[in-house]
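Below: one structure, written as structure tokens.
Remember, it's 1-based here, ligands and their atoms both numbered in the order they're listed.
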Amino acid sequence: MQVVSAKFDIKNANQIEVAKQHGAYSNLKQILSLEPSHIMDLVDKSGLRGKGGGGGSCGAKWKNMVAYASKTNAQKRYLVINGDESEPGTCKDKYILNLDPHLLIEGIIISAHGLGASRAFVYIRGEYEREFVSLNNAIKEAKDELDGFEIVVYKGAGAYVCGEKTALLESIEGKRGHPRLKPHDKKEPDFLFGSPCVVNNVETIASVPFIVKNGWEAYRSFGTEQSPGAMLFQVSGCVNSPCVKELPFGYKMIDFINEFGGGVWRGRELKAVIPGGSSAAVLTKDEVLKATLDYESLKEFKSALGTGGMMVFDDSVSMPNVLLNLLEFYTEESCGQCTPCREGCGWGLRVVEKIVHGEGKMSDLQTLKDICYMLDGKTVCVFAPAVKDVIMGFITKFESEFKALIND
Ligand SMILES: Cc1cc2nc3c(=O)[nH]c(=O)nc-3n(C[C@H](O)[C@H](O)[C@H](O)COP(=O)(O)O)c2cc1C
Ligand code: SF4
């Protein structure tokens, strides 16, 4: 079943005439004549979960924002689309932006109607020049369908942390992209230019036309009870055919790697997989053999489905080296406003560097655990706790490789 990838294999489906021949904007007038609350109900009942990494309920987030905006008589509401896609191992939103930008625009028009949003903003990763051009061209083509509704396309400047929704909002407002302190009241929505807004991932919003046109039952008819529907899964690393493929939730991870990724390359053995973009804890081979591609299964292994981007490692890969590489990334990308994150990432990097270069001590493993304690639950955003999950995953599951480097 294809929710967002139905037009990926159709030539020139990024052009409005071709997209329309394959169902884009069909019944749009009729859909826009529906009560906004009806659209919200459909999305809520479908069980659609956010595809940006957290996997929260899309319907609950929408209802929360609308209730707050009504209660406070907000003059404006906004819809913000997160196309920052900077999580290592993740490359799905670019497929939608390049191959079927009209699906995203249709999703924006319908979602904005449901939310009562007067304008939409799309934030695109700084390096995504082609995607930026593709979406802007499609917006120009869809002038009639937009009927005066404005979509502002905003380009990032290459900071990973600007994918965090509040850093992204700060960035759109023209400020430094630092995550905001979270409000004590969980019912308070996010705000852009002082008005309530929702932030959703590109794939989340691109899923909305399918749900509204086919009904929530159609979306729920595949996937699992708690992870309904489908997702664009990605596989990269030590496989024969890195790919992006939409599948219902619940598919066996190892089957995905073998059937769509062409299996582990060069006749080697599987060693490990990072399942959901680099911020999800690494899985051992045994765990990969048991895991299914849904939120609950990955949670059982104290990891996360995240963005559905799997990175595969074969038995020739040194796991301390992989951790070193990841910590270089996180040290570079920490926005620096929280001391535990700013100092902890760099400190962790220096310790792992020492171990990899044969200068480590056994006590360094305890130092890494102490750094993880500092990174967890003491910072403005979940960047630092995610780095803790990354470090702990490597040093507990592949402890023997770290010890071997230290002993040698
Ligand atoms: C450090 C960091 C980076 C993130 N990067 C992205 C990103 O590139 N794209 C994205 O959609 N969400 C990203 N997120 C998640 C967003 O904060 C937010 O939860 C998401 O955009 C909400 O959309 P969804 O509910 O549709 O998933 C990131 C979160 C963190 C903490
Ligand atoms: S946890 Fe790190 S990335 Fe997040 S706000 Fe603090 S310093 Fe910035």
### Message
Tell me whether Gly55 has any N or O atom under 3.5 angstrom from an N or O of ligand 1.
### Response
no
### Task
State plainly whether the residues Lys182 and Glu188 are in salt-bridge range, i.e. N to O under 4.0 Å.
no
### Task
Please verify whether a non-hydrogen atom of Glu333 lies at under 4.0 Å from ligand 1.
no
### Query
Is Lys51 in contact with ligand 1, taking contact as a heavy-atom separation below 4.0 Å?
yes
### Summary
Any heavy atom of Thr204 under 4.0 Å from ligand 1? The part involved is side chain
### Short N or O distance, Tyr160 and ligand 1, threshold 3.5 Å exclusive
no
### Task
Could you tell me whether the side chain of Tyr25 reaches within less than 4.5 Å of the side chain of Ile16, counting heavy atoms only?
yes
### Task
Look at Arg176 together with Glu170 and state whether they make a salt bridge at an N to O cut-off of under 4.0 Å.
no
## Note on the structure
So the atoms of ligand 1 within less than 4.0 Å of a heavy atom of Asp84 turn out to be 8 (O)
### Message
Using side chain to side chain donor-acceptor pair (under 3.5 Å), reason through Asn137 and Glu141 one step at a time and then give a plain yes or no.
### Response
CA-CA 6 Å; Asn137 284 344; Glu141 285 185 330; over 6 Å; no
#### Entry: Nearest protein heavy atom with distance in Å, relative to atom 27 (O) of ligand 1
Gly52 N, 2.7 Å
### Message
We want to know whether Ser279 and Tyr330 form a side-chain donor-acceptor pair, criterion being a heavy-atom distance below 3.5 angstrom.
### Response
yes
### Query
For Gln2, does the CD atom sit with more than 12 other heavy atoms under 6.0 Å from it, leaving out its own atoms?
yes
#### Entry: Spacing of Trp62 atom CH2 and Asp41 atom CG [to the nearest 0.5 Å]
11.5 Å
## Note on the structure
Looking only at protein heavy atoms, what sits closest to atom 7 (S) of ligand 2 is Cys338 N, 3.2 Å
## Note on the structure
When distances are taken from atom 25 (O) of ligand 1, the protein heavy atom at minimum range is Lys61 NZ, 3.0 Å
### Query
Hey, which atoms in ligand 1 end up nearer than 4.0 Å to a heavy atom of Asn200?
23 (O), 24 (P), 25 (O), 26 (O)
### Query
Counting from 1, what ligand 2 atoms have a heavy atom of Val380 closer than 4.0 Å?
5 (S)
### Message
When you compare ligand 1 with Asp93, is there at least one nitrogen or oxygen pair between them that comes in under 3.5 angstrom?
### Response
no
## Note on the structure
Here the atoms of ligand 2 under 4.0 Å from any heavy atom belonging to Phe383 are 2 (Fe), 3 (S), 4 (Fe)
### Query
Looking only at non-hydrogen atoms, which of Ala159, Cys335, Pro385 approaches atom 8 (Fe) of ligand 2 most closely?
Cys335
### Message
To check your reading of the model: name the closest protein heavy atom to atom 8 (O) of ligand 1, its residue, and the distance in Å.
### Response
Glu85 N, 2.9 Å
### Task
For Glu203 and Gly52, indicate whether the former's side chain and the latter's backbone hold a donor-acceptor pair under 3.5 Å.
no
#### Entry: Full working for ring pair (Phe, Tyr, Trp, His ring centres under 6.0 Å) between Tyr251 and Phe233
CA-CA 10 Å; Tyr251 210 78; Phe233 293 104; 8.4 Å; no
### Query
Is a side-chain N or O of Thr367 found less than 3.5 angstrom from the main chain of Ser363, in a donor-acceptor match?
yes
### For Val161, the ligand 2 atoms whose distance to one of its heavy atoms is below 4.0 Å
3 (S)
### Message
Between Asp84 and Arg125, does any side-chain N to carboxylate O distance fall below 4.0 Å?
### Response
no
### Message
If we ignore hydrogens and angles and just use 3.5 Å, is the side chain of Lys271 paired with the main-chain N or O of Val317 as donor and acceptor?
### Response
yes
### Query
Does a salt bridge link Lys7 with Glu106, judged by any charged N lying under 4.0 Å from a carboxylate O?
no
### Query
Any non-hydrogen protein atom below 4.0 Å of atom 19 (O) of ligand 1?
no
### Query
Do any heavy atoms of Gln337 fall under 4.0 Å from ligand 2?
yes
### Element-labelled atoms of ligand 2 that are located less than 4.0 Å from some non-hydrogen atom of Cys341
1 (S), 2 (Fe), 7 (S)
### Query
Could a heavy atom of Ser86 be found less than 4.0 Å from some atom of ligand 1?
yes
### Message
Please list the nearest protein heavy atom to atom 4 (Fe) of ligand 2 with its residue and the distance rounded to 0.1 Å.
### Response
Cys381 SG, 2.4 Å
#### Entry: Identity and distance of the protein heavy atom lying nearest atom 17 (O) of ligand 1
Lys165 N, 2.9 Å
### Query
For the atom pair OG1 (Thr307) and CD (Gln234), what is the distance rounded to the nearest 0.5 Å?
5.5 Å
### Query
Who's the nearest protein heavy-atom neighbour of atom 28 (C) of ligand 1, and how far?
Gly163 O, 3.4 Å
### Summary
min-distance protein heavy atom vs atom 3 (C) of ligand 1 -> Glu164 N, 3.6 Å
#### Entry: Within-cut-off N or O pair, Asn201 and ligand 1, under 3.5 Å
yes
### Message
Looking at Glu87 and Lys92, is there a salt bridge between them, counting it only when a charged N and a carboxylate O are closer than 4.0 Å?
### Response
no
### Task
Around atom 21 (O) of ligand 1, find the nearest protein heavy atom and jot down its residue, atom name and distance.
Asn82 ND2, 2.9 Å
### Task
Run the numbers for me: atoms of ligand 2, each under 4.0 Å from some heavy atom of Ser334, listed by number.
2 (Fe), 7 (S)
### Task
Tell me, yes or no, whether the heavy-atom count around Phe193 atom CZ, taken from other residues, nucleotides or ligands under 6.0 Å, exceeds 12.
yes
## Note on the structure
The answer for which part of Val382 has a heavy atom under 4.0 Å from ligand 1 is side chain
